Every structure is written in C-alpha cells, then in structure tokens.
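Predicted model only: the values in this text are computed from it and were never measured. We count residues from 1, following the sequence as given.
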Amino acid sequence: KMRLALDDDKYMLLDSSTELTLEADGSTKKSRTLINLEKGTILNEITKKLSTGSTYEVNTPTSTMSVRGTVFTVTVTEDGDKTYTDVQVLDGAVAGKIIYPDGTTDGKEVLIPEGKAAKLKKDDKTTIWVFDDENIDLNELPREVLFALKDAAEGGRQLSVTVQEIIEVLFPPEETKPPQSGDDTT
C-alpha cells in the first residue's frame, strides 16, 4: 500500500495491486488532478472544497468520477471480458459519467451521495450502471483502506460510517459455536 499527499489538502491511498497514472498541474487557486485508474483500489480524501475552476477526476475504463471536497473509494476489477468499477462515497458526493467501450460518453451525470455506492459494468458492447443508490458495504473494501478510514474518523473527519462500524469489519467478534459432542462443557 502507498499513501500519496497530492498537495496540502488532497490525499490518495493505493491498495497494493493498484495500477494508475496521475496527472496534476496548476496552483492552489486553480488546480487539475486527473487519475487514470486501470485496476485496484484507491481511497481519495479531499479535505477542503476545491476552489472555483479546480478539478479532481478519477477516470476508469467504465467511468469518470468528479468530486469537490469528499472522501470516496474507487475500485476497478476485471472478470473475463467484463470490467467493473465500484464507487463508495463516505463524505460529500461524487458525480459519475459512463464511458462507453468506444471512448464516448452520453454526458449524463449520476450523483452518488454520501453513504451510497455505485457499480458500473463494461463489456465489449456497452457500459451500464448496475446500480447507483445502494448503501455502502465496508466488507468490500481492502483492509488498508479500512484502517485509513478508521484513522480519518478518529482524527475528526466526519464520515457516513462510524469508527465502531469500521472496527467491527476489521475485527469481527468471535462467533460463538454451540458445544460439539465430546466437548467438555463443565
């Protein structure tokens, strides 16, 4: 895993199997950050609202995600000839646009609000929203991302999930098993 400070208010945590390219330029008054995520998981944390004219985008094989002051994850996975993009918004909102296999988009944005998740699927013919209004599922996130979220929440960052919810996924309580025959229960 790797955590990058893109500047003084933008951070990105990369899961160990992540492949991406990063383009960034500009100043604090007008900056442009473009992440091309090919595969893996990234946690994006933008601690301050972007200034007018600034952009922060994550492109995947299936979509473009645009943000302003938010915490969200993006995961790209492949299954045979299909590519999936999963987005989970933990603070703020993310606007997503489909990218079709030929590289075009219809220009329509889907707003993914705080506490919600979205999934896109692309094959050789088309790209579709599988869903765009599901609740976040912390069990789908890599442990490194969960630890980073726990640290952010403990540090005062307001997220749509609590520290306790994150801890319960990281350290599930032991399941109590009924006694087996032959077990000494005295």
Side-chain angles (χ1 to χ4, degrees), residues 1-4 6 10-22 33-46 55-101 103 105-106 108-153 157 159-162 165-170 172:
K1 74 177 182 178
M2 177 187 300
R3 183 174 170 96
L4 300 175
L6 303 179
K10 296 179 196 80
Y11 304 91
M12 181 174 44
L13 178 79
L14 289 73
D15 188 34
S16 59
S17 63
T18 300
E19 293 179 14
L20 61 78
T21 58
L22 172 66
T33 304
L34 176 62
I35 300 159
N36 294 303
L37 178 61
E38 294 302 318
K39 76 174 197 173
T41 300
I42 58 175
L43 168 66
N44 301 275
E45 183 177 3
I46 298 91
T55 60
Y56 188 100
E57 292 184 344
V58 178
N59 287 335
T60 73
T62 65
S63 61
T64 295
M65 301 295 158
S66 303
V67 303
R68 292 202 178 270
T70 189
V71 177
F72 69 105
T73 65
V74 181
T75 301
V76 174
T77 56
E78 293 181 352
D79 183 11
D81 65 343
K82 295 175 183 66
T83 302
Y84 296 91
T85 299
D86 292 280
V87 180
Q88 298 199 41
V89 182
L90 295 126
D91 179 35
V94 173
K97 285 191 246 181
I98 283 180
I99 297 176
Y100 294 107
T105 181
D106 60 11
K108 295 178 188 172
E109 283 190 346
V110 171
L111 189 66
I112 308 158
E114 183 174 310
K116 297 295 182 177
K119 183 182 208 80
L120 297 103
K121 177 178 80 169
K122 179 181 102 173
D123 58 26
D124 58 350
K125 295 181 181 88
T126 192
T127 305
I128 61 168
W129 289 97
V130 177
F131 60 81
D132 61 12
D133 193 25
E134 297 283 320
N135 290 328
I136 287 175
D137 183 357
L138 292 175
N139 292 298
E140 292 184 10
L141 297 176
R143 288 184 65 77
E144 299 92 23
V145 170
L146 290 168
F147 277 110
L149 290 172
K150 178 177 131 341
D151 292 346
R157 183 70 192 234
L159 301 175
S160 62
V161 294
T162 65
E165 289 171 314
I166 297 167
I167 288 172
E168 287 173 5
V169 173
L170 283 169

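When all heavy atoms are compared, the tightest approach of E45 to A152 is OE2-CB, 4.2 Å. Across all non-hydrogen atoms, the minimal contact from A117 to N135 is CB-O, 4.1 Å. Between L6 and M12 the shortest heavy-atom distance is CD2-CE, 4.3 Å. Across all non-hydrogen atoms, the minimal contact from A118 to W129 is CB-CZ3, 3.8 Å. Across every non-hydrogen atom of K122 and P101, the tightest pair is CG-CG, 4.0 Å.
The side-chain heavy atoms of I35 and V74, taken from C-beta on, include no pair separated by under 4.5 Å. The shortest side-chain heavy-atom distance between N44 and V67 does not fall under the 4.5 Å cut-off. Here the side chains of F72 and I112 are not in contact, with every heavy-atom distance at 4.5 Å or above. In this structure, L13 and M2 have side chains that are not in contact, with every pair of non-hydrogen atoms separated by 4.5 Å or more. The closest side-chain heavy-atom distance from L22 to T33 is below 4.5 Å. The closest side-chain heavy-atom distance from V58 to V94 is not below 4.5 Å. Contact check for K116 versus V89: no side-chain heavy atoms found under the 4.5 Å cut-off. No side-chain heavy atom of E57 sits less than 4.5 Å from a side-chain heavy atom of K97.
In this structure, E144 has no salt bridge (charged side-chain N to carboxylate O under 4.0 Å, His left out) partners at least two apart in sequence or on a different chain. Every residue two or more places apart in sequence or in another chain was checked for a salt bridge (charged side-chain N to carboxylate O under 4.0 Å, His left out) with E38, and none qualifies.
When atom types are taken as modelled, the side chain of E114 and the backbone of A93 share no donor-acceptor pair closer than 3.5 angstrom. For the pair S63 (side chain) and T60 (backbone), a donor-acceptor distance under 3.5 Å is absent. Under a 3.5 Å cut-off, the side chain of Q88 and the backbone N or O of D137 do form a donor-acceptor pair.
The only member of N59, I42, N36 that meets side chain to side chain contact (heavy atoms under 4.5 Å, CB included) when paired with L20 is I42. When each of T127, D106, T62 is tested with Y100 by the rule side chain to side chain donor-acceptor pair (under 3.5 Å), just one qualifies, namely D106.
To the nearest 0.5 Å, the span separating CG on L159 from CG on L90 amounts to 6.0 Å. To the nearest 0.5 angstrom, I136 atom CD1 is 12.0 Å from D86 atom CG. Separation of atoms CD1 (I98) and NZ (K121) is listed at 12.0 Å; rounding is to 0.5 Å. Rounded to the nearest 0.5 Å, atoms CG (L120) and OG1 (T83) are 11.0 Å apart. Between the CE atom of M65 and the CD atom of E109 there is a distance of 10.0 Å, given to the nearest 0.5 Å. Atom CD of E165 sits about 11.5 Å away from atom CG of L146, to the nearest 0.5 Å.
A side-chain hydrogen bond (donor to acceptor under 3.5 Å, both in side chains) check over residues 73-82, counting only residues at least two apart or in different chains, returns the pairs T41-T75.
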Exercise. Show the numbers, then the answer: is there a side chain to side chain contact (heavy atoms under 4.5 Å, CB included) between K150 and I167?
Key: CA-CA 7 Å; K150 178 177 131 341; I167 288 172; 3.9 Å; yes

Quiz item: Would E134 and K119 count as a salt bridge (Lys or Arg N to Asp or Glu O under 4.0 Å) if you check the C-alpha gap in whole Å, the side-chain angles of each, and the deciding distance to 0.1 Å?
Solution: CA-CA 9 Å; E134 297 283 320; K119 183 182 208 80; over 6 Å; no

